[in-house]
There are 2 protein chains.
Amino acid sequence: MEKPVLSESQEDYLKEIFKLREMNVTVSMQDLAKKLDVRPPSVTGMIKKLCSMDLVEHEPYKGVQLTETGEKIAIEVLRHHRLLELYLAKHLNYSWDEIHDEAERLEHVISEKFEAAIAELMDHPTHDPHGDPIPSVELEFPDSPDLTPLTTCKTGRMMTIKRVMTQDKDILNLLTRLELTIGNIITIKGTESAGIRLKVSDNQYLIPHTIAKLIWCHEDN
Amino acid sequence: MEKPVLSESQEDYLKEIFKLREMNVTVSMQDLAKKLDVRPPSVTGMIKKLCSMDLVEHEPYKGVQLTETGEKIAIEVLRHHRLLELYLAKHLNYSWDEIHDEAERLEHVISEKFEAAIAELMDHPTHDPHGDPIPSVELEFPDSPDLTPLTTCKTGRMMTIKRVMTQDKDILNLLTRLELTIGNIITIKGTESAGIRLKVSDNQYLIPHTIAKLIWCHEDN
DNA sequence: ATTTTAAGTTAGGTATGGCTAAATTAATAC
DNA sequence: GTATTAATTTAGCCATACCTAACTTAAAAT
Ligand SMILES: [Mn+2]
Ligand SMILES: [Mn+2]
Ligand SMILES: [Mn+2]
Ligand SMILES: [Mn+2]
């Protein structure tokens, strides 16, 4: 099983399959089409090709799965992406709503040397600016503590924001203004029908469920 | 004349035309084919397209020229390339024989934000690690003093190496070993049929003409 | 058990950017 | 001036990665 040279599209397909698999049990063609912003027939076609390259397995009408080789490549791309995001934020003064798009293009183009250089420079970080885990050079994920989405946090608890599950610029921008950023500490005031009421610094907000469910926290020690 | 969105190939064509124009009076299809590592018919085809986009002008069997818009884009790509080369060398510890290939791919992919960030970080540099001039944001070239190729330097003179006109890894590597790098001072010992005899630091070498003609110098103070 | 709907696939088409082989044009040599 | 050679273009192909429209399969609803 040698590592073939893949196109940018193919790398994105593999990466997206990997990310979807983390959430759903099964990855449908439609899910992929939506995430990759292409029409379903294009997905069918590409999956066929990736199948023939032994990078994915596909039971028609069932779902797609990565092979071992496919998964390795997916994780490599993910590592590029997340290292780049952190690098852009830490060394080139990007804000966290600007890093994703740039990393999405750069991830396919940087060499292993570039990857190693920025990893070294940042002292082999384990998490990117959204709190997403960065796989190691050996493609292993750091073990992270159990996180709870804001929607299911218990009233009265103090929690630290550990991960924000979106790349949407507007949401990220909003969260910055509300000081709901990685590492910040919040106190849950209560769950209401419209959302979660919480306190950050000296301010109190009601965060709509749609946004709250993107924010994952860890209970403070 | 609006700036169209160009493919990576198209950007490379424009950049290469610009660079060739700096050397030759006229840019032939063959020159381009050689530089871009493509067969002549591909060049004809692409030039036709760039023509229809008003980025180049082409008199069949005569030569190619950039239009004003085409030249602007070419210089922008060149700026990306050279800023990147310097950035890789200065901030990611690349040696000067490693920077070109990486920059060749990155140049098409970085955003204006990225460009601005690294330019700022390096305090708006005017020359890359090969001594090539870096155009400003306004796309103007820094004025540089008259340089002489090593092949025509006068015996006895002390000169500073200011520019090395190649991206060939083996040559660059060789020059590093010989301490013939940008900024270093040499003394011309004489011209022989096989090459130029010169002194760097405490060593004396005979540099073959093929290599000597790539090294451009400036007479010391 | 049929019908309806949603998901996925097939067929056939487009644009891009390459290629080879053959034809044409221009330049050079005799 | 004609013949040779070199440069360029034309014609016709190929692969990639998309697309729409039409068809098929599976699942859900009545
Ligand atoms: Mn991508
Ligand atoms: Mn991220
Ligand atoms: Mn390039
Ligand atoms: Mn350079």
Side-chain angles (χ1 to χ4, degrees), chain A residues 3-17 20-21 23-66 70 73-74 77 104-105 107-109, chain B residues 3-17 20-21 23-66 70 73-74 77 104-105 107-109:
Chain A
K3 239 190 291 172
V5 176
L6 300 186
S7 69
E8 306 199 357
S9 289
Q10 292 170 336
E11 289 187 352
D12 277 337
Y13 272 82
L14 296 178
K15 188 185 65 174
E16 237 24 270
I17 294 169
L20 282 168
R21 198 70 200 296
M23 316 191 61
N24 317 335
V25 187
T26 176
V27 178
S28 71
M29 307 308 257
Q30 241 185 359
D31 292 342
L32 269 172
K34 230 169 272 163
K35 283 287 182 186
L36 293 163
D37 196 25
V38 293
R39 293 322 113 224
S42 307
V43 177
T44 301
M46 182 59 95
I47 290 300
K48 232 179 208 169
K49 193 170 313 171
L50 293 172
C51 248
S52 79
M53 300 166 94
D54 281 315
L55 298 172
V56 306
E57 272 157 24
H58 179 219
E59 284 199 75
Y61 294 98
K62 295 289 181 177
V64 200
Q65 253 184 282
L66 294 172
I73 295 169
V77 179
E104 194 62 49
R105 283 172 284 117
E107 63 188 359
H108 310 289
V109 150
Chain B
K3 238 189 293 174
V5 175
L6 300 186
S7 69
E8 306 198 358
S9 290
Q10 292 169 339
E11 288 186 354
D12 277 338
Y13 272 82
L14 296 178
K15 188 185 65 173
E16 235 30 87
I17 295 169
L20 283 169
R21 199 68 200 298
M23 315 193 61
N24 317 336
V25 187
T26 174
V27 177
S28 72
M29 307 308 256
Q30 240 185 358
D31 292 343
L32 268 173
K34 230 168 275 163
K35 284 285 183 188
L36 294 163
D37 194 25
V38 143
R39 294 319 112 224
S42 307
V43 176
T44 302
M46 183 59 95
I47 289 301
K48 232 180 209 169
K49 193 171 312 171
L50 293 171
C51 247
S52 80
M53 300 166 95
D54 280 315
L55 298 172
V56 307
E57 272 159 23
H58 179 220
E59 285 199 75
Y61 294 98
K62 296 288 182 178
V64 201
Q65 252 184 284
L66 294 171
I73 295 169
V77 179
E104 195 62 49
R105 283 172 284 118
E107 63 189 357
H108 311 289
V109 149

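Counting to the nearest Å, the P atom of C:dT9 and the NZ atom of A:Lys49 are 15 Å from each other. Between A:Leu14 atom CG and D:dA17 atom P the separation is 12 Å, expressed in whole Å. The NZ-P distance, from A:Lys62 to C:dG8, rounds to 12 Å in whole Å. Between the P atom of D:dT8 and the CZ atom of B:Arg39 lies a distance of 14 Å, rounded to the nearest Å. As a whole-Å value, the separation of B:Gln30 CD from D:dT5 P is 16 Å. In this entry the distance linking CG of A:Asp37 with C1' of D:dC19 reads 13 Å, nearest Å. If you take NE2 of B:His58 and C1' of D:dA7, they are 11 Å apart, rounded to a whole angstrom. If you measure from atom CD1 of A:Ile47 to atom P of C:dT9, you get 9 Å, rounded to the nearest angstrom.
Here the rule is side chain to side chain contact (heavy atoms under 4.5 Å, CB included) with A:Leu32, and of A:Asp12, A:Val38, A:Val43 only A:Val43 fits it.
One finds no salt bridge joining A:Glu57 and A:Lys62 here, because no Lys/Arg side-chain nitrogen approaches an Asp/Glu carboxylate oxygen to under 4.0 Å.
Side-chain nitrogen and oxygen atoms of B:Tyr13 include at least one within less than 4.0 Å of the OP1 or OP2 phosphate oxygen of C:dG18. Residue B:Ser42 places no side-chain N or O under 4.0 Å from the OP1 or OP2 atom of C:dG17. Taking 4.0 angstrom as the limit, B:Lys48 places a side-chain polar atom (N or O) nearer than this to OP1 or OP2 of D:dT10. Considering only side-chain N and O atoms, A:Thr44 lies nowhere under 4.0 angstrom from the phosphate OP1 or OP2 of C:dT10. Neither OP1 nor OP2 of D:dA7 sits under 4.0 Å from any side-chain N or O of B:Ser28. Listed pair B:Gln10 / C:dG17 meets the phosphate criterion, a side-chain N or O lying under 4.0 Å from OP1 or OP2.
Contact between A:Pro40 and A:Ala33 at its shortest, heavy atoms only, is N-CB, 4.0 Å.
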Between A:Val77 and A:Leu6, does a side chain to side chain contact (heavy atoms under 4.5 Å, CB included) hold up when you go through it step by step? CA-CA 11 Å; A:Val77 179; A:Leu6 300 186; over 6 Å; no
Please walk me through it: do A:Leu55 and A:Lys49 pass side chain to side chain contact (heavy atoms under 4.5 Å, CB included)? CA-CA 9 Å; A:Leu55 298 172; A:Lys49 193 170 313 171; over 6 Å; no
One pair to check against side chain to side chain contact (heavy atoms under 4.5 Å, CB included): A:Leu20 and A:Lys35. What are the steps and the verdict? CA-CA 9 Å; A:Leu20 282 168; A:Lys35 283 287 182 186; 3.9 Å; yes
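Nearest-nucleotide positions on DNA chain D for A:Pro60 and A:Val38 put A:Val38 closer to the 5' end.
Residue A:Glu8 is out of contact with every strand shown, counting any heavy-atom pair closer than 4.0 Å. No engagement by B:Val43 is indicated, since no non-hydrogen atom pair under 4.0 Å with the nucleic acid exists. A:Glu59 comes within contact range of no nucleotide atom at all, as no heavy-atom separation falls under 4.0 Å. Within 4.0 Å of A:Ser9, counting heavy atoms only, lie sugar-phosphate atoms of the nucleic acid but no base atom.
Taking the side chain of A:Met46 as heavy atoms from C-beta on, and the options D:dA17, D:dT10, C:dT10, the nearest nucleotide is D:dA17. With C:dT9, D:dT10, D:dA17 as the candidates, the nucleotide lying closest to the side chain of B:Pro41 is D:dT10. In this structure, of D:dT25, C:dG17, D:dT8, it is D:dT8 that holds the atom nearest to the side chain of B:Tyr61.
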